[in-house]
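Okay, structure first, notes after.
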Amino acid sequence: MVVAAGPGATTSMLGFVTQHLLHLARTVALEAGALAARRRAEGVSVAASKSSPVDIVTEADRETETLIRRMLAEARPDDGFYGEESSATAGTSGLTWLVDPIDGTVNYLYGLPHYAVSIAVVEGDPDPLTWTGIAGCVVNPVSGEIFTGLAGSGAWLGESPLRVADPVDLSQALVNTGFAYDSGVRATQGEVVARLLPKVRDIRRLGTASLDLCFVAAGRANAYFERTLSPWDHAAGAIIAREAGAVVKGLGDAAPSRELILAAHPVLAAELEPLLVSLGV
Ligand code: LIP
């Protein structure tokens, strides 16, 4: 990992730099979360729809991303930026910030207290097939929960270390998933879930991918899978889940991407993936 620490950088210096990146992600996520919660209390309306009539953005999504972008640019002007609500900017430092200002926007619109600010920094381009995750932070401003992860160092909820749940038999697994904004894709995803349901303990559709990944990290779910996610939806949560001991992958040897993200204890993932494939995921 070459984290702009310069030639001759010692391990402790790299550790210091990556700790600094995590601290920055956390500081910015908390400030952004406070803004999103304030706007929620003031009342939220739809500003526009994006890929489909149900894929909406609110003014608060945009305002929160503007705040995050400004704070990151002030602290690290040479880094790249790739956020859900604004145009991407390439950097010169070799690092890129992946930002979802309000993950779970539909929950946010309906006043469901389950949405999050998700911020990650990766080495390389904002491409989940090639990037190296360095640090991630996911904040739920309503619950006050702060999930963090630092590559090679661990994952935490607040100050408490996170560990995935021990593997269970598939029939005992609580599985989180989600559905796309495209109604045709949703129809297929619904059929897969209908076939999966009798084979697992139960399904949870909570509406916020970053928190779904953190819940796997915290043992609040045994597994999570979803198709059609964007890089900003899973960048931070994937680092946190991996550092808690989960495998976070795509199909076969692929990295997680729009095609599929699957997160679970490695033993459970090895059983769940072929089942999902056989069910037509
Ligand atoms: C959402 C994800 C969720 C998925 C939704 C949407 P957004 O992200 O967190 O898991 O099911 O379709 O992609 O749009 O709220 O940032």
Side-chain angles (χ1 to χ4, degrees), residues 29 33 36-37 40 44 54-58 60-61 64 84 100-120 136-149 155 157-158 162 164-165 168 170 172-183 185-186 188-190 192-194 196-197 199-242 244 246 248 256 258 260-265 268-269 272 276 281:
R40 180 53 261 179
V44 170
V54 294
D55 179 8
I56 55 98
V57 59
T58 69
D61 286 273
T64 305
E84 178 168 7
D100 193 336
I102 302 179
D103 188 22
T105 296
V106 173
N107 285 353
Y108 183 75
L109 178 69
Y110 280 78
L112 294 170
H114 189 78
Y115 61 90
V117 177
S118 176
I119 299 179
C137 181
V138 175
V139 169
N140 177 335
V142 184
S143 68
E145 291 191 316
I146 306 167
F147 295 91
T148 51
L157 170 52
L162 289 175
V164 287
V168 295
L170 257 179
Q172 295 289 318
L174 185 64
V175 179
N176 290 19
T177 192
F179 307 110
Y181 286 124
D182 177 284
S183 58
V185 176
R186 269 205 309 283
T188 311
Q189 292 172 313
V192 169
V193 165
L196 179 65
L197 259 176
K199 301 180 185 306
V200 296
R201 174 192 292 270
D202 205 343
I203 296 281
R204 291 289 179 273
R205 198 296 192 243
L206 302 178
T208 306
S210 55
L211 288 173
D212 282 314
L213 288 160
C214 292
F215 282 17
V216 169
R220 295 177 184 175
N222 296 104
Y224 165 64
F225 75 96
E226 189 159 359
R227 291 183 49 216
T228 75
L229 285 182
S230 299
W232 46 74
D233 290 318
H234 58 83
I239 294 167
I240 294 163
R242 258 196 206 106
V248 183
R258 285 192 75 77
L260 183 74
I261 184 166
L262 168 63
H265 185 286
L268 180 59
L272 182 55
L276 290 172
V281 74

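All heavy atoms count here, side chains included; hydrogens, waters and symmetry mates do not.
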Sorted by chain and residue number, the side chain to side chain contact (heavy atoms under 4.5 Å, CB included) partners of Arg40 (sequence neighbours excluded) come out as Val44, Tyr108, Tyr115

Not counting sequence neighbours, which residues clear side chain to side chain contact (heavy atoms under 4.5 Å, CB included) with Asp100? List them please. Glu84, Asp103, Ser118, Trp232, Asp233

Sub-4.5 Å side-chain heavy-atom contact between [X] and [Y]:
X: Leu196; Y: Ile203; value: yes
X: Val200; Y: Asn222; value: no
X: Val281; Y: Arg227; value: yes
X: Asn140; Y: Phe147; value: no
X: Leu206; Y: Leu211; value: no
X: Arg258; Y: Ser230; value: yes
X: Ile56; Y: Tyr181; value: no
X: Asp202; Y: Leu197; value: yes

Could you pull out the closest heavy-atom pair between [X] and [Y], with the gap in Å?
X: Leu262; Y: Ala269; value: CD2-O, 4.1 Å
X: Ala236; Y: Val138; value: CB-CG2, 3.8 Å
X: Pro113; Y: Val142; value: CB-CG1, 3.4 Å
X: Ala120; Y: Ile239; value: CB-CD1, 4.3 Å
X: His234; Y: Leu229; value: CD2-CB, 4.1 Å
X: Ala241; Y: Ala217; value: CA-CB, 3.8 Å

Would you compute the distance between atom [atom1] of [X] and atom [atom2] of [Y] and round it to the nearest 0.5 angstrom?
X: Leu268; Y: Gln172; atom1: CG; atom2: CD; value: 11.5 Å
X: Leu157; Y: Cys214; atom1: CG; atom2: SG; value: 8.5 Å
X: Thr177; Y: Asp212; atom1: OG1; atom2: CG; value: 8.0 Å
X: Ile240; Y: Leu162; atom1: CD1; atom2: CG; value: 8.0 Å
X: Phe225; Y: Leu276; atom1: CZ; atom2: CG; value: 5.0 Å

Provide the full list of salt bridge (Lys or Arg N to Asp or Glu O under 4.0 Å) pairs with a residue in residues 136-147, sequence neighbours left out, each pair given once. Glu145-Arg220

What do the steps show when you test His114 against Phe215 for ring-ring contact (aromatic ring centres under 6.0 Å, His included), and what is the final call? CA-CA 12 Å; His114 189 78; Phe215 282 17; 5.6 Å; yes

Between [X] and [Y] (side chain of the first, backbone of the second, donor and acceptor by atom type, cut-off under 3.5 Å), is there such a pair?
X: Arg242; Y: Val248; answer: yes
X: Thr148; Y: Cys137; answer: no
X: Arg205; Y: Phe179; answer: yes
X: Arg204; Y: Asn176; answer: no

